[in-house]
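Worth knowing before you read on, the calculation uses all heavy atoms, side chains too, and leaves out hydrogens, waters and symmetry mates. Numbers restart at 1 for each chain; the letters A, B, ... are given by sequence-line order, proteins then strands.
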Amino acid sequence: MNNNNKIFQFKLVLLGEAAVGKSSLVLRFVRGHFLDYQESTIGAAFLAQTVCLNDTTVKFEIWDTAGQERYHTLAPMYYRGAQAAIVVYDIRSEDSFERAIKWVKELQRQGSPNIVIALAGNKLDLAAKRKVETAEAQQYAEENGLLFMETSAKTSQNVNELFVEIAKKLPKTPTTRPGSGRVAIAPIDNGNTGKKNKCCN
Amino acid sequence: MVIKDLSPHNNSLRKKYLDLIDYGNKNPLTVDPNLYQLRKTILLEGLPPETEEEIEDRTKQDGSKCSLRGMIWKILLGVDKIQPDKYIELIEKGPSNRYQKIRKDIGRTFNRDSQFSQAVSQDQLSRCLNAFAHQCEELGYVQGMNAICGTFLYVLPEVEAFQCFYSLLTQCCPNYFTSNISGVNDASKLLDRILEFVDPELYEYLQNRSYHPLLFTPPILSLGTATPPLDELLKLWDFFLAFGFHLNVICTISQILLMRDVLLVHQSPCLLFRSFPELDAPTIINLSIHIIRQLPDDIYDLLVDHPMTSVDLTPFDRDPNNLNSFNGSGEFDNDNDNDNGNQDEEDDDDDDIDDGHNDYFNDNDE
Ligand SMILES: Nc1nc2c(ncn2[C@@H]2O[C@H](COP(=O)(O)OP(=O)(O)O)[C@@H](O)[C@H]2O)c(=O)[nH]1
Ligand SMILES: [Mg+2]
């Protein structure tokens, strides 16, 4: 680990239709594994993972937004304050691509002003059943200033790359994050909670 | 369904918990970091689904009820020594002065849930509540305790359930049980302020349509037990037991927000609060964490403290008369006290009570 690196922390949200593989992408990126039968949400609201660039370390606080597909009016609550978003679709589903475009529009309208948006066509390992052409998505992404990649959470193809590209594109200026701190994940080995917990010991 | 196929992951998660517990037992000096790991795992991964053996064991009257969830709950509540003698002593005291009251509520505890009635007998429930009324005369029995106690009996063997129940009521959220239930009033005020803070639009809409903060006392008093289904409730309780029952206030707000679309087009939205939609624990928890993130520190600190200590909420008082209509008898039973057996569709298996907490969220900022 490069200790004298600058560390920047960003909130990143995943958006997209149900079952396109949002949680799987997060788990692949954070834990390095893939489950064929991903449960409908991971238990956690967020996970953390860092990406090391040349001279900086970018720490992502990744919010996998359970329920956002069903409770759409709540989505702003989820993406509020996010500096980056990955909008995911399944390359086998036109509908999911349409939905992704709607998310992009919503983010551009209502998200943080300089939000970095990446469009991810997931399930690339199933390209034999592709319905959304790469060129089509690529063009849409370019026209709208999005990062774009086709990924597979299953084979891990382009998953790290996607996060690295986002990390590169994020502005590395010190920012005060809204709602800092609470509920953050601490590294495994520094577990002292400080406050005495009356309930639990 | 896919449940079976999930087993490799579930098994490794289960093993992770067992390892954490084992490590904790062997390293009692590092109890804080050990607990920290346990809580963190609960937050990030939840508990694995119950195994078939656990489910089967629960339905047997003489089952051991030795489940992973039960073990974890005991740890989180600080219940380590099991004291059957003490419990038997309490039972031998016979009916307490609250016994009649207790009996009335026994039969309607989770009475819509067939799994519950298979797992928990009415006798167990009345023994446990009656023993509590003996042991803790100040708190005695109030409506709603039945469901809280029932939840423990569903997950744990009787003696351990009793001890957990006792620990929860007396240590985690005593202010929800004092005779004036001051903690519940505080919770209502906090809920009111936080709802306004996180969703001003919805708040204003409700305000103009018979809204009153006391509408939400049933879910608060009941610690969530008033809303089915029980298996989702258990997941909420995993979260509450790990991080504090003050979170029930936030989770109640999440439930309100999940009804948002319907509320905003309803002529009399407050009628809908009579019963919440079925619990969807992962979504509720997820949203709750988002809400917590946004809260100003001063409100959050008060929230964390309110189940255990009196907090000064006067800065938040808009209308000092607002909460005075509350009946201070320690009982919140608007609709179901004289239950005549004919239940409408929301149920009140119970309605009241409490909560405790651990102020956990506060401290660890990576
Ligand atoms: N073949 C394949 N399946 C995937 C991939 N990503 C996710 N899945 C599967 O798609 C389903 C839904 O994934 P999930 O991550 O839960 O989607 P979410 O609802 O968007 O979070 C699960 O059965 C995953 O195993 C992928 O890249 N390739
Ligand atoms: Mg998911």
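- The structure places CD of B:E45 at 4.0 Å from CZ of A:R31, a figure rounded to the nearest 0.5 Å.
- For B:Y166, the ring pair (Phe, Tyr, Trp, His ring centres under 6.0 Å) partners are B:F132, not counting sequence neighbours.
- Note on ring orientation: taking the six-membered ring where Trp is involved, the planes of B:H290 and A:Y78 are perpendicular (angle over 60°, cut-offs 30° and 60°).
- For B:E204, the CD atom sits in a loose shell: 12 or fewer heavy atoms of surrounding residues, nucleotides or ligands are nearer than 6.0 Å.
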Which pairs would a plain distance check flag for residues 96-105 of chain A, meaning a side-chain donor or acceptor within less than 3.5 Å of a matching protein atom at least two apart in sequence or in another chain?
from, atom 1, to, atom 2, distance (Å)
A:S96, OG, A:D90, N, 2.9
A:S96, OG, A:D90, O, 3.2
A:S96, OG, A:S93, O, 2.9
A:S96, OG, A:S93, OG, 3.3
A:R99, NH2, A:H72, NE2, 3.4

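- The shortest non-hydrogen separation linking A:R80 to B:V198 is NH2-O, 4.2 Å.
- Looking only at side-chain heavy atoms (C-beta outward), B:R293 and A:E61 come within less than 4.5 Å of each other.
- More than 12 heavy atoms of other residues, nucleotides or ligands sit less than 6.0 Å from atom NZ of A:K169.
- When all heavy atoms of B:N286 and A:D64 are compared, the pair lying nearest together is ND2-O, 3.1 Å.
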